[in-house]
Amino acid sequence: MTSATRQPETPAAALPPRLIATDLDGTLLRDDKSVSERTVAALAAAEEAGIEVFFVTGRPARWMDVVSDHVHGHGLAICGNGAAVVDLHGGPGAHRFVKVRELARENALDAVRLLREAAPGTVFAVEQTYGFYQEPAYPKLHMEIPDNLAPAERLLAPDGPGASEPVLKILAFHHELDPDAFLTVARRAVGDRATITRSSPSALLEISGPGVSKASTLELCCAERGISPEEVVAFGDMPNDVEMLTWAGTSYAMGNAHPAVIAAASGRTVANNEDGVAVVIEKILAERL
């Protein structure tokens with residue numbers, strides 16, 4: 001998608017912002033996965049002005065190296081669509097889990113069973129705090145070697161590989177279904193046994209524990225700091241951002257955002273490749289002078 005507007009459509013903030021919550025892929029990061037110099041400067045300026053910055057992403061902790069050099073202050077990130085709060089200060093390979101909201105194996109197995117029935121041909125992978133496991137037919141989507149190859153039922157068994165680690169989410173991929181259609185089918189089939197969303201342009205679903213989302217974990221983190229939704233500015237581009245953008249007092253859909261995100265956000269900014277997050281932060285800081 002391309003940017004639909006050259007300047008941000010700025011909603012009126014109820015209160016001066018105390019926290020910025022931003023998605024990474026398709027939002028803060030450019031398409032080449034870089035953080036522009038303009039964006040780095042804007043993030044640093046926000047922290048210098050006393051506004052906390054939270055990276056809120058579907059990525060696992062081990063994929064956070066792209067922003068580890070740009071953390072300031074608390075250095076916390078919400079990973080796995082809300083399944084974990086991670087301290088990035090340790091640097092690559094040394095991230096510390098501050099909070100884990102796991103997907104119970106019983107719920108995960110229910111989701112696998114129901115999705116196999118509702119969408120035959122679905123293949124699965126299992127994301128844990130440190131391990132990554134997948135079925136043999138699951139495509140190589142993540143540029144990494146899985147720790148184990150086995151059917152999802154075996155991977156999620158009480159005595160399966162990685163049994164001592166919490167499950168953060170399971171991934172479900174379908175080779176033929178339309179991504180949004182797959183999401184609709186999955187949500188209908190699984191119901192309240194899990195939270196299902198997506199952030200990939202392909203038919204790849206991300207399945208977390210009931211009630212676990214970017215929004216619900218961000219709400220917990222803000223409550224710990226005495227920050228209200230009205231004091232949060234959020235940015236996103238894909239369906240896994242919808243709840244967060246709805247919860248935040250002020251929210252922006254990127255110029256390249258999914259239609260559901262545009263409908264959920266209170267404002268719009270330019271695309272990720274045009275530094276849409278930085279554009280808004282600069283405006284916020286200018287208004288504080």
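FYI, side chains are in, hydrogens and waters are out, and symmetry mates aren't considered; it's all heavy atoms of this structure.
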Can you see which heavy atom on Val126 is nearest to which on Val167, and at what distance? CG1-CG1, 4.0 Å
Side-chain touch Thr250/Glu231, heavy atoms, less than 4.5 angstrom: no
Side chains of Leu115 and Val190: closer than 4.5 Å at any heavy-atom pair? yes
Electrostatic pair Glu127:Arg62 at N-O distance under 4.0 angstrom: yes
Mind running ring-ring contact (aromatic ring centres under 6.0 Å, His included) on Tyr130 and Phe97 for me, showing each step along the way? CA-CA 10 Å; Tyr130 295 100; Phe97 285 88; 5.2 Å; yes
Just so I know, are the side chains of Thr129 and Leu168 near enough to count as touching, which here means a heavy-atom distance under 4.5 Å? yes
Around atom CD of Glu48, are there more than 12 heavy atoms from other residues, nucleotides or ligands closer than 6.0 Å? no
Could you give the distance from CZ (Arg193) to CD1 (Ile207), rounded to the nearest 0.5 Å? 12.5 Å
Applying side-chain contact (heavy atoms from CB on, under 4.5 Å) to Asp192 and not counting sequence neighbours gives none
Evaluate the side-chain proximity of Tyr138 to Phe173: yes if any heavy-atom separation is below 4.5 Å, no if none is. yes
Can you confirm whether Trp247 sits close enough to Glu219 that some side-chain heavy atom of one is under 4.5 Å from a side-chain heavy atom of the other? yes
Under the side-chain contact (heavy atoms from CB on, under 4.5 Å) test against Leu28, which residue among Asp23, Leu43, Thr57, Val53 passes? Leu43
Charged N to carboxylate O under 4.0 angstrom, Glu52 versus Arg225? yes
Atom CD of residue position Glu224 - does it have more than 12 heavy atoms of other residues, nucleotides or ligands inside 6.0 Å? yes
So if I apply the side chain to side chain donor-acceptor pair (under 3.5 Å) rule between Asn272 and each of Asp237, Asp25, Asp31, which one comes out positive? Asp31
Where Asn256 and Ala271 come nearest, the two heavy atoms and their spacing: OD1-CA, 3.2 Å
Greater than 12 external heavy atoms within 6.0 Å of Glu176's CD: no
Side chain to side chain donor-acceptor pair (under 3.5 Å) involving Glu206 - partner list, sequence neighbours excluded: Asn81, Lys169, Ser199
Would you say that Val85 contacts Cys221 through its side chain, given a criterion of any heavy-atom pair below 4.5 Å between the two side chains? yes
Do the side-chain N and O atoms of His258 and Asp180 include a donor-acceptor pair separated by under 3.5 angstrom? yes
If only side-chain N and O atoms count, and only distance matters, is there a donor-acceptor pair under 3.5 Å linking Ser208 with Arg101? no
Would you call the rings of Phe235 and Tyr252 parallel, tilted or perpendicular, taking 30° and 60° as the class edges? parallel
